[in-house]
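Structure, as structure tokens:
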Protein chains: 2
Amino acid sequence: MTTSRPGGHDQRPGERGDLLDPRCPTRQLLDRIGTKWMSMAVKVLAEEAPGELRFAELRRRIPGISQKMLSATLQSLVRDGLVARRVESTVPPAVHYRLTELGLSLEGPLSALRVWAETHMPEIGRNNQLADESTLDQGVRRVSW
Amino acid sequence: MTTSRPGGHDQRPGERGDLLDPRCPTRQLLDRIGTKWMSMAVKVLAEEAPGELRFAELRRRIPGISQKMLSATLQSLVRDGLVARRVESTVPPAVHYRLTELGLSLEGPLSALRVWAETHMPEIGRNNQLADESTLDQGVRRVSW
DNA sequence: GTGACAAGGTCACGTTAGGGAACTAGCCTG
DNA sequence: CAGGCTAGTTCCCTAACGTGACCTTGTCAC
């Protein structure tokens, strides 16, 4: 995501605006972990590390995810080398997933973010409520006669 | 974002799938910092902290951002209480932005993520290249006769 | 032979993020 | 009075994200 430029027309190179994508590794990382299920999958796999989890078990541990999204998420993670996929050629072929070393190294910063979220998101929620209320006041004053 | 459920039909509560949005502060945080300019804005403001920056100066320091997106980004940050907005009622009214204490506290985990990105994203890039090449091979074998 | 399971893939769809271009307000300069 | 500055806002558009529903391939149970 955010890898192509959806804007209306083509971009002349060297014009302005092509310096943000290639240069910023943080953007690329956030494009990955910012997708809806990525961080959840990493967390679940990290809890099991260095063990493995199968597709159906992952589905069970990530409530609300569809097969399609789990599949897509895992494909991205494998493609990035954060997760290893191991196919066991048994009776019905079983597929096992585990975090690679790279994936495990991401768990550090990611769990720091989780801790921050758990401690500070309630405050952000309150701030949003306050903002909503004040704009509501203005809305009432402006809209109804 | 990711706060409404766009899926085709309504959700019976207690059925399955309503436990992911309200319960997960990490999701809410990632929905915020995952947007394209959020983390960039926080970083730029953090570099200047505890000083302030004006709208035009922020634009200059965030290459490629449009007025519209900068405006929207700052509004979200202010709404969340991560950034404080101060209007100076001078000749042309000047608006100053600075990180709040809450915003500054986010810089810690966020910069940890940036460090991780800078050290490990090249490896992820290589992994993706390898994946592209192997699927390209398969594509050639499958598609052209 | 009909159904179930595993691990997905594909299709059709709606929502949303993000981009561009143009417009606004009041004041200042030429 | 034409034009420019600041700090935005508004409209319109597209591409990507995410969802649900259905299809697949192969083996096992009834």
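Bear in mind that the values here come from a model prediction, so they are computed numbers and not experimental data. The sequence lines fix the lettering, A, B, ..., with proteins before strands; numbering per chain opens at 1.
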Hey, is Lys43(B) close enough to Glu48(B) for a salt bridge, meaning N to O under 4.0 Å? no
Contact between Leu30(A) and Leu113(B) at the side-chain level, heavy atoms closer than 4.5 Å - yes or no? yes
When you check the phosphate oxygens OP1 and OP2 of dG18(D), does a side-chain N or O of Ser66(A) lie under 4.0 Å from one of them? no
Roughly how many Å is it from CD1 in Ile65(A) to C1' in dG20(D), rounded to a whole number? 14 Å
Between atom CE in Met69(B) and atom P in dC11(D), what is the gap in whole Å? 17 Å
Taking Asp31(B) first and then Lys36(A), would you say they form a salt bridge - that is, a charged N and a carboxylate O separated by under 4.0 Å? no
Side-chain N or O of Gln75(A) less than 4.0 angstrom from OP1 or OP2 on dG8(C)? no
Below 3.5 Å between N/O atoms, which protein atoms pair up with nucleotides 5-7 of chain C? Just atom names and distances, please.
from: dA6(C); atom 1: O3'; to: Arg54(A); atom 2: NH2; distance (Å): 2.9
from: dA7(C); atom 1: OP1; to: Arg54(A); atom 2: NE; distance (Å): 2.9
from: dA7(C); atom 1: OP1; to: Arg54(A); atom 2: NH2; distance (Å): 2.8
from: dA7(C); atom 1: OP1; to: Val95(A); atom 2: N; distance (Å): 3.4
from: dA7(C); atom 1: OP2; to: Ala56(A); atom 2: N; distance (Å): 3.3

In this structure, how many angstroms lie between the P atom of dA7(D) and the CD atom of Glu88(B), rounded? 10 Å
Using whole Å, report how far CD of Gln67(A) lies from P of dA21(D). 10 Å
Lys36(B) NZ - dT14(D) C1' separation (whole Å): 13 Å
Base dG8(C) paired with Lys68(A) side chain (donor-acceptor, <3.5 Å): no
OP1, OP2 of dT9(D) versus side-chain N and O of Ser71(B): anything below 4.0 Å? yes
Contact between Arg32(A) and Ile124(B) at the side-chain level, heavy atoms closer than 4.5 Å - yes or no? yes
Is Glu88(B) salt-bridged to Arg54(B), going by a charged N under 4.0 Å from an acidic O? no
List the residues meeting salt bridge (Lys or Arg N to Asp or Glu O under 4.0 Å) with Glu57(A), not counting sequence neighbours, and say none if there are none. Arg60(A), Arg61(A)
Can you tell me the distance, in whole Å, between the CG atom of Leu70(A) and the C1' atom of dG9(C)? 13 Å
Residues passing the side-chain contact (heavy atoms from CB on, under 4.5 Å) test with Met38(A), sequence neighbours excluded, are Thr35(A), Thr73(A), Ser76(A), Leu77(A)
Rounded to whole Å, the CZ-P distance (Arg59(B) to dG19(C)) equals 12 Å
Rounded to whole angstroms, how far apart are CG on Asp31(B) and P on dC17(D)? 14 Å
